[in-house]
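Encoded as structure tokens, the structure appears first; notes follow it.
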Amino acid sequence: MPVTEAGDDGKHLLTGATGFLGSHIMAGLLSKGRGVVIAGRAAGSESLQERIRKLLNWFGMEHLEGLLEFHETDFLKIRLGLGKDEYESLCGRGLSIIHCASDTSFAEKNRTRVMRSNVENLNEVLNFACASRTRCFHLISSAYAAGIDRLECPEVPVNSKHFNNVYEESKAQAEDIVSAKCRKEQIPHTIIRPSIVYGDSLTGRSLRFNALYFPVRSMQQIRDIYFDEIKNNHGIKSAECGIHIKDDGALHLPMRIFIPKQGKINLIPVNYFTKIILSILETPVNEAIYHITSNHPQSMARLASYTERFLKISGIEVVVGTAAAAEMRNPPEELFDHFIKAYRPYISDQRIFKRENTDRATGGVLPPDFSYEIFERCMAFAVSADWGKKLFQ
Ligand SMILES: NC(=O)c1ccc[n+]([C@@H]2O[C@H](COP(=O)([O-])OP(=O)(O)OC[C@H]3O[C@@H](n4cnc5c(N)ncnc54)[C@H](OP(=O)(O)O)[C@@H]3O)[C@@H](O)[C@H]2O)c1
């Protein structure tokens, strides 16, 4: 059933606005003249408002700060850590909620923190949703909450028992908790599941340089190690691996990228994500699950050839690896393998994400083809931002 969106004066309460996707949702709403109530945290001595101001500058939207409202919250504390009056006044406004905050670490060593951020934190956020009789609760989940029990993933509740990592597991649990609580309390809700999001396909700009960026950055580091060894250290180790500088100045770097199985990487640009989520927020359907995914995931072979062209290297080969082959890795192969360990499941993924609900909500608008021009724009921006280190300078 369609939901009447956004209470108050059309505002949404947004969590995770200091992050990659949350800040783009914020900017997208602002660009439509919509006010946003930001619920988030300070970082060290920097207040929430100062953090968001920095992001507004990055988006060129500092003149729209007046459309924002700031509430420093702690999701683990009763009433979200807000004073009684502040909480009750927020509750009285019937705001729609976009819950985008999440710990995105895949590492098992961070299990407790990830579960606390993505699952335990939901309690107070959902209590707020119930107390305020929110018009609609939108959970930003992940396509990978689907787990690994089946390859065809429709826009239905997760019924997987097995996951690639704690992140996927926590997102699946969060979906379960949100659906059960909202259904019980008759709160309209949606679940929005993006796949892997990279920078803006038109400008190349991005605020995060993980996922797609990580293998390229790793390859750049490996290239630079061997360039340096050849130029400053006689190139003996390079020669042992057949690595040399060619006549045109490019580095020949013969190495294999081992992927566990034949599969692809599902990518969408952040400007597409924003466009689609804004459409969904216009006319959300209660209990609908939306996949914001690509119908044309990319092969690692294509990404490897884009990377070779961008970094001016040659010699990369993608191999569906066996244990025996992996034992015979040369030093650059070993290094690369180590760098991209956490992302391995996503670069040779066989899951197919169905997207009937998303197509219905958006009139079937698909992400752009992942051309070399888009890749180059995004990577050139990443390099100019020193992979995030120079983002706000
Ligand atoms: N990026 C992707 O490719 C992608 C793909 C699929 C799904 N998603 C989903 O999209 C959402 C946003 O991801 P993202 O890439 O934007 O992540 P991100 O850049 O790491 O941002 C995470 C946001 O969540 C907040 N957060 C994390 N732990 C928190 C906690 N314990 N308490 C309060 N706030 C907390 C962060 O606040 P601080 O800044 O204060 O730490 C930040 O605002 C997540 O739900 C993620 O699962 C992302």
Side-chain angles (χ1 to χ4, degrees), residues 13-28 36 38-44 46-52 54-55 58 70-77 80-81 97-106 110 112-125 128 138-146 153 163-175 178 191-200 206-214 265-270 272-274 276-277 289-294 342-343 346 349 351 353 367 378 388 391:
L13 180 138
L14 173 66
T15 73
T18 50
F20 180 32
L21 300 196
S23 61
H24 279 82
I25 296 173
M26 173 185 76
V36 188
I38 307 288
R41 52 190 185 180
E46 207 173 18
S47 70
L48 174 64
Q49 186 164 358
E50 285 163 343
R51 297 182 72 196
I52 296 289
K54 224 188 237 176
L55 287 162
W58 191 84
F70 303 93
H71 297 270
E72 289 200 3
T73 44
D74 181 339
F75 301 140
L76 281 180
K77 290 196 177 146
L80 304 171
I97 298 169
I98 306 168
H99 185 47
C100 187
S102 188
D103 193 313
T104 53
S105 168
F106 301 156
N110 296 329
T112 308
R113 197 189 75 201
V114 171
M115 283 296 177
R116 190 180 300 134
S117 299
N118 300 355
V119 181
E120 284 169 51
N121 266 355
L122 279 173
N123 268 336
E124 275 308 309
V125 178
F128 173 75
H138 303 279
L139 176 72
I140 308 299
S141 183
S142 161
Y144 302 104
C153 307
F163 301 93
N164 279 312
N165 52 47
V166 61
Y167 169 73
E168 291 185 359
E169 192 183 332
S170 72
K171 298 303 276 186
Q173 282 188 27
E175 287 194 6
V178 166
I191 290 170
I192 297 169
R193 295 180 180 157
S195 56
I196 297 168
V197 186
Y198 64 92
D200 186 310
S206 183
L207 284 161
R208 289 285 179 278
F209 303 94
N210 46 16
L212 167 66
Y213 297 86
F214 210 75
I265 174 167
N266 199 305
L267 297 165
I268 55 161
V270 72
Y272 176 75
F273 166 80
T274 310
I276 297 304
I277 199 165
I289 294 174
Y290 299 96
H291 280 167
I292 310 186
T293 50
S294 167
Y343 293 107
Y346 303 104
D349 194 15
R351 289 172 280 191
F353 302 105
C378 291
L391 206 47

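Predicted model, so just to flag it, every value in this text is computed and none were measured. In each ligand, atom 1 is the first atom listed, and ligand 1 is the first ligand listed.
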Exercise. Counting only heavy atoms, which portion of Y167 has something under 4.0 Å from ligand 1: side chain, backbone, both, or neither?
Worked result: side chain
Exercise. At the 4.0 Å heavy-atom cut-off, does Y198 count as touching ligand 1?
Worked result: no
For this session: Starting from atom 31 (N) of ligand 1, find the nearest protein heavy-atom neighbour and note its residue, name and distance.
Result: S117 OG, 3.0 Å
Exercise. Do F128 and L13 come within less than 4.5 Å of each other through their side chains, counting heavy atoms only?
Worked result: yes
Exercise. How close does the nearest protein non-hydrogen atom get to atom 5 (C) of ligand 1, and which residue and atom is it?
Worked result: S195 O, 2.8 Å
Exercise. Which residue holds the protein heavy atom closest to atom 25 (C) of ligand 1, what is that atom called, and what is the gap in Å?
Worked result: A101 CB, 3.8 Å
Exercise. Is there a heavy atom in S141 that sits closer than 4.0 Å to ligand 1?
Worked result: yes
Problem set entry | Minimum side-chain heavy-atom gap V270-L21 below 4.5 Å | yes
Exercise. In the protein, which heavy atom is nearest to atom 3 (O) of ligand 1, and how far is it?
Worked result: V197 N, 2.9 Å
Exercise. Hey, mind stepping through F20 and F209 against ring pair (Phe, Tyr, Trp, His ring centres under 6.0 Å) and telling me if it holds?
Worked result: CA-CA 10 Å; F20 180 32; F209 303 94; 8.3 Å; no
Exercise. Are the side chains of L207 and H24 in touch, meaning some heavy atoms are under 4.5 Å apart?
Worked result: yes
Problem set entry | P194 N/O under 3.5 Å from ligand 1 N/O | no
Exercise. So, do N121 and L76 sit near enough that their side-chain heavy atoms are less than 4.5 Å apart?
Worked result: yes
Problem set entry | Sub-3.5 Å N/O-N/O distance, R208 and ligand 1 | yes
Exercise. Partners of R208 by side-chain hydrogen bond (donor to acceptor under 3.5 Å, both in side chains), sequence neighbours excluded?
Worked result: none
Seminar exercise, completed: Ranked by distance from atom 43 (O) of ligand 1, the top protein heavy atom is T18 OG1, 2.6 Å
Exercise. What residue among N165, N266, N164 forms side chain to side chain donor-acceptor pair (under 3.5 Å) with Y346?
Worked result: N165
Problem set entry | Side chains of F75 and L80 in contact at under 4.5 Å (non-hydrogen atoms) | yes
Exercise. What protein heavy atom sits nearest atom 15 (O) of ligand 1, and how far away is it?
Worked result: F20 CB, 3.9 Å
For this session: Answer with yes or no whether R116 contacts ligand 1, where contact means a heavy atom under 4.0 Å from a ligand atom.
Result: no
Exercise. What is the nearest protein non-hydrogen atom to atom 24 (O) of ligand 1, stated with its residue, atom name and distance?
Worked result: S102 N, 3.0 Å
Seminar exercise, completed: Out of R41, E168, R113, R51, the nearest non-hydrogen contact to atom 41 (O) of ligand 1 is supplied by R41
Exercise. Taking the side chain as C-beta and beyond, is there a heavy-atom pair between K171 and F163 under 4.5 Å?
Worked result: no
Problem set entry | Any N or O of A42 closer than 3.5 Å to N or O of ligand 1 | no
Seminar exercise, completed: For K171, the atoms of ligand 1 under 4.0 Å from one of its heavy atoms are 44 (C), 45 (O), 46 (C), 47 (O)
Seminar exercise, completed: side-chain hydrogen bond (donor to acceptor under 3.5 Å, both in side chains) filter on Y272, not counting sequence neighbours, yields R355
Exercise. Which pair of non-hydrogen atoms, one from I268 and one from T293, has the smallest distance, and what is that distance?
Worked result: CG2-C, 3.7 Å
Problem set entry | Side chain proximity check, F106 to Y343, heavy atoms < 4.5 angstrom | yes
Exercise. Closer than 4.0 angstrom: is that true for some heavy atom of C100 and an atom of ligand 1?
Worked result: yes
Exercise. With atoms numbered from 1 as shown, which atoms in ligand 1 lie under 4.0 angstrom from a non-hydrogen atom of I140?
Worked result: 9 (C), 10 (O), 11 (C), 45 (O)
Problem set entry | Atoms in ligand 1 with a heavy atom of N121 nearer than 4.0 Å | 30 (C), 31 (N), 32 (N)
Exercise. Of N118, V125, L21, L76, which has the heavy atom at the shortest distance from atom 16 (O) of ligand 1?
Worked result: L21
Problem set entry | atom 13 (O) of ligand 1: the protein heavy-atom neighbour that sits closest, reported with distance to 0.1 Å | T104 CG2, 4.0 Å
Exercise. Is a side-chain N or O of Y213 found less than 3.5 angstrom from the main chain of G199, in a donor-acceptor match?
Worked result: yes
Exercise. If you measure from each heavy atom of G40 to ligand 1, is any distance below 4.0 Å?
Worked result: no
Problem set entry | Residue portion contacting ligand 1 (non-hydrogen atoms closer than 4.0 Å) for L207 | neither
Exercise. Given the rule in the side chain to side chain contact (heavy atoms under 4.5 Å, CB included) test, do V166 and M115 qualify, once you have shown the distances and angles that lead to the verdict?
Worked result: CA-CA 8 Å; V166 61; M115 283 296 177; 4.0 Å; yes
